[in-house]
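Here's the structure we're looking at; comments come further down.
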Amino acid sequence: MEFFNDVGGDPLKPSLFELVAQEQLRDLLQPALKYVLAVFAQRYPRYLIRIVNRHEEFYAFIMLFVERHYLRKHNASFSENFYGLKRRRKPWITTERATVAVGGIPAGEKLRSREIWRSLFLLIAVPYLRAKGQDYYESLGGGIDSDILEDGGSERHIRELTDESIAGVLRRKFKTLYPWFNTGFEVWLLAHNVAYLFDRTPFYRPWLAWIGVDLRRLNMDDFLAHQAKQNVISSQKSGFLAVLRRLLLRSPQLLLDSLRLLLPTAIFFIKFLEWWYSPGSPARSLSISPLGPAIPPPQILPPHPAGITIDSTKYGHCPLCKEPIHNATALPSGYVFCYRCAHDHVEQHGNCPITLLPARAWQLRKVLV
């Protein structure tokens with residue numbers, strides 16, 4: 001993709017790889033946050049279970065403040081700023097030579113309030129509505145095999161889909177049309193990506209044309225402008241009270257700006273802890289169970305004098321047919337036989353042939369080795 005964009009083209013135009021990567025990062029934030037909340041909700045259900053149950057609304061509320069801060073300060077969404085991209089008001093007439101001659105960032109490129117709120121709507125409201133639509137589609141049994149619904153006896157699904165009221169008709173129409181609408185929407189986005197790849201359009205998403213912005217890479221002027229802002233802040237009064245007041249006023253902005261580094265680090269740290277405390281991790285061999293030592297296996301029941309005798313030297317042979325065990329099956333007594341031998345003996349005698357303990361056919365257990 002770099003070949004399509006950089007050779008003989010605009011060096012500040014992002015490649016399709018960069019645009020897809022920033023979208024994937026944005027799509028991964030919600031399930032990562034939901035996973036973290038679900039883990040902590042198991043420990044503090046009184047405080048977090050309601051947030052987990054309303055996770056889509058909670059995530060949209062949080063991202064409203066995050067995206068608004070990044071759009072106002074960096075002219076980019078959180079994921080776009082993470083990948084070194086920015087949003088620019090698309091000029092009606094391109095004046096690249098004049099911009100290079102004057103230098104700096106043109107004032108007309110900065111996002112206005114109208115572009116910011118339109119961007120917020122498409123960054124937050126549209127994904128939220130799609131997520132709720134997918135949840136509602138799945139609640140109607142969408143994507144579930146009809147055999148599962150029939151065998152599982154999902155009375156609610158059957159009742160909703162056989163309701164003859166107006167609401168029932170609308171539910172059935174939604175279940176029928178939603179997959180087609182979702183597929184058409186994805187094909188529409190794919191076609192726009194292909195058009196962007198071959199320079200047929202400057203917008204990799206169709207709604208960017210409605211907003212009136214396009215995506216660009218950050219250049220040296222952007223870094224110099226950011227550095228100038230930092231120098232202005234550092235040149236202010238250096239007294240203790242002045243510094244403390246400035247930190248208190250700027251703490252929300254500092255917290256939001258730090259998400260660019262803290263959020264990926266936190267995701268990595270959480271996945272590391274998940275691996276470390278998994279059953280096969282080294283932490284299991286180094287830690288001691290708080291419940292004490294492991295419970296030893298039960299002792300083997302001794303054979304009954306009236307039962308058949310077993311030869312301990314013929315390991316892996318069935319005590320009934322004296323042949324190598326085929327389709328190993330265990331009885332409640334713990335002894336293993338061939339399935340056919342054990343089944344026939346239990347059906348005829350109703351006990352274990354070695355210990356004479358009562359046994360039934362439904363108590364036979366296959367041994368997977």
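The first residue of the sequence shown is numbered 1, and numbering continues consecutively from there.
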Exercise for the section: Apply ring pair (Phe, Tyr, Trp, His ring centres under 6.0 Å) to His192 and list each qualifying residue two or more places apart in sequence or on a separate chain. Expected result: none
Problem - Partner set under side-chain contact (heavy atoms from CB on, under 4.5 Å) for Ala209, not counting sequence neighbours - result: Phe203
Exercise for the section: Only counting residues at least two apart or in another chain, list the ones meeting salt bridge (charged side-chain N to carboxylate O under 4.0 Å, His left out) with Arg54. Expected result: Glu57
Handout entry: His317: ring pair (Phe, Tyr, Trp, His ring centres under 6.0 Å) partners, not counting sequence neighbours
Key = none
Handout entry: All salt bridge (charged side-chain N to carboxylate O under 4.0 Å, His left out) counterparts of Arg114, not counting sequence neighbours
Key = none
Exercise for the section: State which residues pass side-chain hydrogen bond (donor to acceptor under 3.5 Å, both in side chains) with Asn53; sequence neighbours excluded, sorted by chain then number. Expected result: none
Problem - Residues Lys13 and Asp214 bridged, charged N to O under 4.0 Å - result: no
Problem - Salt-bridge present (Lys86, Glu18; N to O < 4.0 Å) - result: no
Exercise for the section: Go through the structure and list residues passing side-chain contact (heavy atoms from CB on, under 4.5 Å) with Ile62, not counting sequence neighbours. Expected result: Phe58, Val66
Handout entry: Side chains of Arg89 and Asn75, donor plus acceptor under 3.5 Å
Key = no
Exercise for the section: Output, in order, the C-alpha distance, side-chain angles, deciding distance and verdict of side chain to side chain contact (heavy atoms under 4.5 Å, CB included) for Ile116 and Arg112. Expected result: CA-CA 6 Å; Ile116 290 176; Arg112 298 174 300 183; over 6 Å; no
Problem - Arg72 atom CZ, over 12 foreign heavy atoms within 6.0 Å - result: no
Output side-chain donor-acceptor pairs under 3.5 Å for residues 118-127, partner residues at least two apart or in another chain, one line each.
{"from": "Arg118", "atom 1": "NH1", "to": "Trp210", "atom 2": "O", "distance (Å)": "3.1"}
{"from": "Ser119", "atom 1": "OG", "to": "Arg87", "atom 2": "NH1", "distance (Å)": "3.1"}
{"from": "Ser119", "atom 1": "OG", "to": "Glu115", "atom 2": "O", "distance (Å)": "2.7"}

Practice task
Please name all residues satisfying side-chain contact (heavy atoms from CB on, under 4.5 Å) with Arg340, sequence neighbours left out, ordered by chain then number.
Solution key: His343, Asp344
Practice task
Examine the side chains of Tyr70 and Glu80 and answer whether a donor and an acceptor come within less than 3.5 Å of each other.
Solution key: no
Exercise for the section: Indicate yes or no: at least one non-hydrogen side-chain atom of Pro353 is less than 4.5 angstrom from one of Tyr335. Expected result: no
Handout entry: Flag, side chain of Gln22 to backbone of Leu19, donor-acceptor distance under 3.5 Å
Key = yes
Problem - Residues which pass side-chain contact (heavy atoms from CB on, under 4.5 Å) with Tyr59, listed by chain and number, not counting sequence neighbours - result: Leu29, Gln30, Leu33, His55, Met63
Exercise for the section: Verify the cluster assignment for Trp207 and Tyr196: are they in a single hydrophobic cluster under the rule of side-chain heavy atoms below 4.5 Å apart? Expected result: yes
Exercise for the section: Sequence neighbours left out, what pairs pass side chain to side chain donor-acceptor pair (under 3.5 Å) with at least one residue falling in residues 31-51? Expected result: Tyr35-Glu274
With a cut-off of 3.5 Å and sequence neighbours excluded, list every side-chain donor-acceptor pair involving residues 322-333.
{"from": "Lys322", "atom 1": "NZ", "to": "Pro319", "atom 2": "O", "distance (Å)": "3.1"}
{"from": "Thr329", "atom 1": "OG1", "to": "Asn327", "atom 2": "O", "distance (Å)": "3.1"}

Practice task
Write down the atom of Arg217, the atom of Pro11, and the distance for their closest heavy-atom approach.
Solution key: NH1-O, 2.7 Å
